[in-house]
2 protein chains.
Amino acid sequence: MATIREVAALAGVSVATVSRLINRNGYVNKETERKIQQAIEELNYHPSSIARGLAGKRMDVVALVVPDISNPFFPELARAVEDLCLSRGYTLILCNSDNDREKELAYMKSLHRNSVAGFICASDSLLQEDLQELRQSGTPIVMLDRSGNADDCSIIRADNRKGAALAVQHLLDKGCRKIAHIYGPQSIVTARERLEGYEQIAQQYAWYTPSLLIPGDFRMESGIEAVQLLLERHPDVDGIFAGNDMMAIGALKGLIRQGIQVPEQIALCGFDGIGMTRMTEPELTTIAQPIGEMGRMAAEILIGKIESNGGENRFYELDVQLIERSSTSST
Amino acid sequence: MATIREVAALAGVSVATVSRLINRNGYVNKETERKIQQAIEELNYHPSSIARGLAGKRMDVVALVVPDISNPFFPELARAVEDLCLSRGYTLILCNSDNDREKELAYMKSLHRNSVAGFICASDSLLQEDLQELRQSGTPIVMLDRSGNADDCSIIRADNRKGAALAVQHLLDKGCRKIAHIYGPQSIVTARERLEGYEQIAQQYAWYTPSLLIPGDFRMESGIEAVQLLLERHPDVDGIFAGNDMMAIGALKGLIRQGIQVPEQIALCGFDGIGMTRMTEPELTTIAQPIGEMGRMAAEILIGKIESNGGENRFYELDVQLIERSSTSST
DNA sequence: TTGAAAGCGCTACCAC
DNA sequence: GTGGTAGCGCTTTCAA
């Protein structure tokens with residue numbers, strides 16, 4: 001691995017000049033530049049980020065912590081973040097916390113020691129105090145989706161309340177007269193907001209009763225179980241709004257298992273808009289978050305902060321969209 | 001962020017002593033140790049991996065490149081790798097190449113610049129020459145699953161041939177008399193091996209004909225299309241072995257769409273053993289690779305190489321297992 | 001058992 | 001325009 005000194009020697013200039021060229025600051029003679037470029041080629045020189053980091057220049061690694069990589073929503077989100085980072089010359093470290101505090105803290109420690117340039121948190125189980133160290137060292141932080149609110153950082157989230165309302169309204173439009181909601185963990189902000197959105201509409205109707213609310217944990221299995229419980233409680237439901245797509249997929253499976261026709265007997269709508277909703281039969285109607293845009297935006301804002309040393313913190317609430325498919329409308 | 005010098009000053013010793021203690025090499029007086037430990041606590045000191053890296057000590061970051069994060073097989077694999085790395089004090093950089101050469105090269109460049117300690121490749125589109133730089137710098141490399149063979153590194157793969165044979169045999173046992181195979185890209189070693197495994201058994205039968213081989217790209221959509229093509233060619237097939245679970249899921253969807261009963265009319269078997277095979281209705285029979293073990297093993301071998309400066313290179317072929325579910329056996 | 005000092009590869013400041 | 005050089009935080013001889 002060639003060093004800057006070797007390049008300088010080969011090009012017959014000083015390391016300072018090479019450094020200036022590489023970082024494109026300061027003046028460098030055209031002819032000198034050519035010679036240096038050639039030397040770089042010849043030695044196949046790549047500046048060491050390590051040394052660069054030590055020498056005070058900001059590093060080019062940013063981290064994204066997701067709570068559950070087995071939920072395709074997060075890989076999709078990660079892809080978007082990754083794409084933008086890569087195109088801007090940053091490398092992404094994808095950390096899967098699995099909602100495991102141990103892992104999370106191990107990651108925080110590692111990130112801190114490795115001096116990441118920026119940090120995107122999409123995990124709900126990371127506490128404010130855990131971010132303290134990073135924050136103290138001035139590392140820009142962006143909170144994405146589940147991670148909820150926090151001081152001193154920008155927050156990016158879809159309009160969960162509106163999306164939930166949209167879902168319920170859609171089910172009503174499709175003729176449903178008793179709509180249940182499988183809600184996610186109330187410790188998670190997105191789950192809370194979606195529940196609120198549901199209630200906002202549902203409570204206007206006579207059929208509404210709290211027992212239409214079934215708890216889930218955002219994972220597929222809980223969707224199956226929720227359906228079971230729901231059918232015992234309310235054999236006459238004709239619409240289900242699941243708090244996310246994974247639970248919706250589980251719910252669909254539960255319904256099919258019980259021999260229930262979807263959407264004829266019960267219509268079903270999810271939330272997230274992950275690709276997998278097109279995998280089921282029938283395909284799932286869902287409220288699509290702009291996943292790609294959220295990821296890109298998070299990365300962009302983060303990099304903006306890294307490169308400008310700060311910038312104002314805002315709360316971005318992105319719009320959602322109903323995607324109508326066969327789980328709510330029989331052809 | 002406290003430095004080693006501050007710790008040394010507070011403890012009233014030299015930086016060398018602190019360094020010795022931290023790295024647990026060389027002698028340190030009990031009493032001195034206590035004082036240093038206390039200083040470390042007090043300043044909440046974490047050694048900088050950056051500086052440590054520059055100073056010649058090996059870094060604690062390893063990278064895993066996967067070809068397609070939207071195939072749950074890879075997140076599952078990554079989780080296993082990640083867990084083991086974390087438990088051994090390493091941080092994992094998860095790189096999703098999307099089979100995109102641009103991205104791949106960008107990653108390789110970044111990894112090189114950041115001097116990763118080790119590298120696990122699970123991507124098929126990374127060429128030998130792309131690994132050249134890493135290899136030259138002495139970075140240990142492990143090839144996992146799709147990445148195929150390469151010199152100077154250990155290789156870990158499931159027994160794809162045997163798994164495929166197992167699948168076909170299982171379909172035969174279930175009474176199938178004409179079994180098709182949806183195969184993956186033949187540029188990928190695992191796809192080739194599975195095709196071979198299929199042929200090994202199928203060719204022994206009179207019903208076998210090359211037109212039972214339908215190409216796919218390991219993604220769900222291609223499973224749907226493959227089924228369509230297959231049914232045109234052979235309306236009388238009664239068994240399908242898909243080259244991986246994602247295509248199997250697609251195939252299932254295609255079959256259901258056409259109103260075909262699974263497994264009554266056509267039995268279906270996948271390959272990989274991803275969790276999602278339990279999400280469909282009917283659930284999918286599949287050949288399970290020991291995903292967790294593969295990931296852990298890859299990480300373990302890699303870390304072994306990192307810490308021992310090399311070690312012999314072996315080819316590990318892990319055993320697979322048939323998981324029988326309703327897509328091949330009607331209750 | 002401990003300390004002093006020479007780098008690791010690079011950036012940035014100050015002279016020339 | 002260009003070069004000399006002082007660190008960045010740490011590890012690692014080599015002496016003491």
Side-chain angles (χ1 to χ4, degrees), chain A residues 1-37 39-40 43-61 89 110 112-117 137-138 307 309, chain B residues 1-37 39-40 43-61 109-110 112-117 137-138 307 309:
Chain A
M1 192 134 146
T3 75
I4 197 174
R5 237 188 303 275
E6 303 179 55
V7 173
L10 185 61
V13 298
S14 76
V15 294
T17 308
V18 177
S19 175
R20 242 177 278 130
L21 175 62
I22 292 172
N23 297 290
R24 309 223 152 272
N25 55 9
Y27 307 91
V28 175
N29 184 310
K30 266 282 174 233
E31 175 58 15
T32 316
E33 171 167 353
R34 208 192 46 69
K35 279 193 298 194
I36 297 178
Q37 290 292 15
I40 289 179
L43 277 65
N44 188 229
Y45 166 74
H46 296 283
S48 150
S49 304
I50 306 287
R52 187 176 271 173
L54 224 208
K57 191 142 189 173
R58 243 176 304 296
M59 298 283 301
D60 56 5
V61 173
S110 162
H112 190 230
R113 297 191 343 174
N114 283 287
S115 310
V116 288
S137 62
E307 298 185 344
N309 274 307
Chain B
M1 192 132 148
T3 76
I4 198 175
R5 236 189 306 275
E6 302 178 57
V7 173
L10 185 60
V13 298
S14 76
V15 294
T17 308
V18 177
S19 174
R20 243 177 278 127
L21 175 61
I22 291 172
N23 297 290
R24 310 221 150 272
N25 55 11
Y27 307 90
V28 175
N29 184 309
K30 267 284 174 230
E31 175 57 15
T32 317
E33 171 167 353
R34 207 193 45 69
K35 279 193 299 195
I36 297 178
Q37 289 292 15
I40 290 179
L43 277 64
N44 186 229
Y45 167 75
H46 296 285
S48 151
S49 303
I50 305 287
R52 186 176 274 174
L54 222 208
K57 190 141 192 173
R58 243 177 305 295
M59 298 283 301
D60 56 6
V61 174
K109 193 169 158 190
S110 163
H112 190 231
R113 299 191 342 172
N114 284 287
S115 310
V116 288
S137 62
E307 298 185 345
N309 274 307

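Chain letters run A, B, ... following the sequence lines, proteins first, then strands; residues in each count from 1.
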> Taking CZ from A:Arg24 and C1' from D:dG1, how many angstroms apart are they, rounded to a whole number?
Replying inline: 16 Å

> Taking the side chain of A:Ala51 as heavy atoms from C-beta outward, which of D:dG1, D:dC10, C:dC10 is closest to it?
Replying inline: C:dC10

>> As a quick check of understanding, evaluate side-chain contact (heavy atoms from CB on, under 4.5 Å) for A:Ser19 and A:Ile22, giving each step before the final call.
In response: CA-CA 5 Å; A:Ser19 175; A:Ile22 292 172; 5.7 Å; no

> If only side-chain N and O atoms of B:Ser19 are considered, is one of them under 4.0 Å from the OP1 or OP2 phosphate oxygen of D:dT11?
Replying inline: yes

>> OP1 or OP2 of C:dG3 versus the side-chain N and O atoms of B:Thr17: is any pair under 4.0 Å?
In response: yes

> Taking the side chain from B:Asn29 and the backbone from B:Glu31, do they hold a donor-acceptor pair closer than 3.5 Å?
Replying inline: yes

>> Whether B:Arg113 and A:Asp60 form a salt bridge (side-chain N of Lys/Arg under 4.0 Å from carboxylate O of Asp/Glu) is what I want to check.
In response: yes

>> From CD1 of A:Ile22 over to C1' of C:dG9, roughly how many Å is that when rounded to an integer?
In response: 10 Å

>> It should be established whether A:Ser14 places a side-chain nitrogen or oxygen under 4.0 Å from OP1 or OP2 of nucleotide D:dG3.
In response: yes

> Does B:Arg113 get its side chain close enough to the base of C:dG9, under 3.5 Å, for a donor-acceptor pair?
Replying inline: no

> Rounded to the nearest 0.5 Å, how far does OG of B:Ser49 lie from CG of B:Leu54?
Replying inline: 12.0 Å

> Can B:Ile40 and B:Ile36 be said to form a side-chain contact (heavy atoms from CB on, under 4.5 Å), step by step?
Replying inline: CA-CA 6 Å; B:Ile40 290 179; B:Ile36 297 178; 4.0 Å; yes

> Please give, in whole Å, the distance from D:dT13 C1' to B:Asn25 CG?
Replying inline: 12 Å

> Taking atom C1' of C:dT11 as reference, at what distance in whole Å does atom CG of A:Asn23 sit?
Replying inline: 7 Å

> Taking the side chain of A:Val28 as heavy atoms from C-beta outward, which of C:dG3, D:dT2, C:dG7 is closest to it?
Replying inline: D:dT2

> Is any side-chain N or O of B:Tyr27 closer than 4.0 Å to OP1 or OP2 of C:dG3?
Replying inline: no

>> Can you measure B:Arg52 atom CZ to D:dC8 atom P for me and round it to whole angstrom units?
In response: 19 Å

> Could you state the CG-C1' distance from A:Leu54 to D:dC10, rounded to the nearest angstrom?
Replying inline: 8 Å

> Given that B:Gly26 and B:Gly53 both sit by DNA chain C, which one's nearest nucleotide is further toward the 5' end?
Replying inline: B:Gly26

> Starting at CG of B:Leu43 and ending at C1' of D:dG9, how long is that distance when rounded to a whole Å?
Replying inline: 14 Å

> Which of these nucleotides, C:dC10, D:dC10, C:dT1, is closest to any side-chain atom of B:Arg5?
Replying inline: D:dC10

> Which of these nucleotides, C:dC10, D:dG3, C:dT2, is closest to any side-chain atom of B:Thr32?
Replying inline: C:dT2

> How long is the line joining CD1 of A:Ile40 and P of C:dC10, in whole Å?
Replying inline: 10 Å

> Which of the following nucleotides, C:dC10, D:dG3, D:dC10, is nearest to the side chain of A:Val13?
Replying inline: D:dG3

> Closest to the A:Asn29 side chain: D:dT2, D:dC10, C:dT2?
Replying inline: D:dT2

